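Because the structure is predicted, anything quoted here is derived from the model rather than measured. Residue numbers begin at 1 in each chain, while the letters A, B, ... track the order of the sequences.
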2 protein chains.
Amino acid sequence: MVSKKCKYAIKALIYLAKNQTRDSAIFSSEIAFEEDIPKKFLETILRDLRNSRILQSQRGKTGGYRLLKQPEHIYLSEVMRLMDGPIALLPCVSLNYYAPCEGCNETLCKLKTVFESVRDETLSVLGNTSIKDLI
Amino acid sequence: MVSKKCKYAIKALIYLAKNQTRDSAIFSSEIAFEEDIPKKFLETILRDLRNSRILQSQRGKTGGYRLLKQPEHIYLSEVMRLMDGPIALLPCVSLNYYAPCEGCNETLCKLKTVFESVRDETLSVLGNTSIKDLI
DNA sequence: TTTAATACCTATAAAAAAGGTAGGAATTGT
DNA sequence: ACAATTCCTACCTTTTTTATAGGTATTAAA
């Protein structure tokens, strides 16, 4: 399941994308109020998005957040990986968070090929859907 | 991610399928030992599988477990739903565990259609892979 | 230079879920 | 009667999720 944190991140990104044309940066408090997201929780989410160069931030009295990447280049797969970790359902088939299965012969394990298929099908959707598509 | 509980269930089912031809039922202790699954934990898993008519059990000294459904009719989607709940990544697109999204207009929400696609693609794999396919 | 409003940072905490155990009751073939 | 099993309820521990508290650093404007 997609976590609340991840849903909040997507909502915030959509909000920022819709209000991109504004002159000033957008306060986290505004996003929190408009999208009904706990303020302090949202701050940690926006910081993560800034750290991975999806947003840029400005400090001080007239500070706030802006998109750094354009909405059409922010894919759901990227946001979900950032917030929730792997897309894959097994660590041993994860592209970005690979970890070996304990006590399972990967060359013989037939589960592996099944969950590689699931991963590929899932990524073909999430890797082709951007924030722009959600507006 | 698939939980350990679910992996244990799949392993146990594969073990039972491989040893189907035996005269006697198979002890949970044997499965636990052979597949390296905590014994007491496995008992609760086998009970769930029996309650949903995938296994049948026999009590007493010569008791044990047997498959009730044939391996080719036990699909991963069924086992995963039983162990981990919904396949879908959002409650509002779950076929078997539907729950409305709070504070999200479902008719307008574009996330919904995206995650319906993910669900359908995932089910097309998991709903067509049986325990027999994993042996 | 003060002030006020913001982003930023670290630590903490409450709630839920995952993973597993304990102890014994009920059942059944020998 | 006995031994070995399934079955059942309750509990426990650790990890993850979902936040909150309290303050520091930064910046524009008064």
Protein-nucleotides 13-18 of chain D N/O pairs closer than 3.5 Å?
residue : atom : partner : partner atom : Å
D:dT18  : OP2  : A:K4    : N            : 3.3

Exercise. Side-chain contact test, heavy atoms from C-beta onward, threshold under 4.5 Å: evaluate it for A:L89 versus B:M1 and give yes or no.
Key: no

Quiz item: If we only count heavy atoms from C-beta on, is the B:R66 to B:L16 side-chain gap below 4.5 Å?
Solution: no

Quiz item: Judged by modelled atom types alone, do A:Y8 and A:E35 share a side-chain donor-acceptor pair under 3.5 Å?
Solution: no

Quiz item: How long is the line joining CD1 of A:I37 and C1' of D:dA19, in whole Å?
Solution: 13 Å

Self-check item: Integer-rounded Å distance: C:dG23 P and B:E43 CD
Solution: 14 Å

Quiz item: Between the two ends of the helix from C:dT1-D:dA30 to C:dT30-D:dA1, what is the bend in degrees, rounded to 10 degrees, where each end axis spans five pairs?
Solution: 0°

Quiz item: Between B:S52 and B:D48, is there a donor-acceptor pair closer than 3.5 Å when you use the side chain of the first and the backbone of the second?
Solution: yes

Exercise. Write down the distance between CZ (A:R50) and P (D:dA25), rounded to a whole number of angstrom.
Key: 16 Å

Exercise. Round to the nearest Å and state the distance from B:I45 atom CD1 to D:dC8 atom P.
Key: 16 Å

Quiz item: Ignoring hydrogens and angles, does a donor from either the side chain of A:K40 or the base of D:dG22 sit under 3.5 Å from an acceptor on the other?
Solution: yes

Quiz item: At under 4.0 Å, does any side-chain N or O of B:R47 touch on OP1 or OP2 of D:dT6?
Solution: no

Self-check item: Beyond-backbone contact of A:T129 with B:L111, side-chain heavy atoms, under 4.5 angstrom
Solution: no

Quiz item: With a non-hydrogen cut-off below 4.0 angstrom, is A:S28 in contact with a base, only sugar-phosphate, or nothing?
Solution: sugar-phosphate

Quiz item: Looking only at heavy atoms, which two atoms of B:Q56 and B:L67 are closest? And how far apart?
Solution: OE1-O, 4.0 Å

Quiz item: What is the distance, rounded to the nearest whole Å, between atom CG of B:L82 and atom C1' of C:dA18?
Solution: 16 Å

Exercise. Mind calculating the distance between CE (A:M83) and C1' (D:dA19) to the nearest angstrom?
Key: 15 Å

Quiz item: Distance-only, no hydrogens or angles: does the A:K110 side chain make a donor-acceptor pair with backbone N or O of B:I135 under 3.5 Å?
Solution: yes

Quiz item: Would you say C:dG20 has OP1 or OP2 under 4.0 Å from some side-chain N or O of B:T44?
Solution: no

Quiz item: Which whole-number value in Å describes the distance from B:L46 CG to D:dT5 P?
Solution: 14 Å

Quiz item: Any side-chain donor paired with an acceptor under 3.5 Å for B:Y65 and B:Q58?
Solution: no

Filtered N/O pairs between nucleotides 27-30 of chain C and protein, under 3.5 Å:
residue : atom : partner : partner atom : Å
C:dT27  : O2   : B:G60   : N            : 3.4
C:dT28  : O2   : B:K61   : N            : 3.3

Quiz item: Where the side chain of A:Y97 meets the backbone of A:R81, is there a donor-acceptor pair that is under 3.5 Å apart?
Solution: yes

Quiz item: Taking atom CG of B:N96 as the centre, does the number of heavy atoms from other residues, nucleotides or ligands within less than 6.0 Å exceed 12?
Solution: yes

Exercise. Give a yes/no on whether any side-chain N or O of B:S29 is located under 4.0 angstrom from OP1 or OP2 of D:dA4.
Key: no

Quiz prompt | Atom-pair distance (CD on B:Q56; P on D:dT6), nearest Å | solution = 13 Å

Self-check item: pair B:L13-B:L55: side-chain heavy atoms closer than 4.5 Å
Solution: yes

Quiz item: Hey, are B:S117 and B:D120 close enough side-chain-wise for a donor-acceptor pair under 3.5 Å?
Solution: no

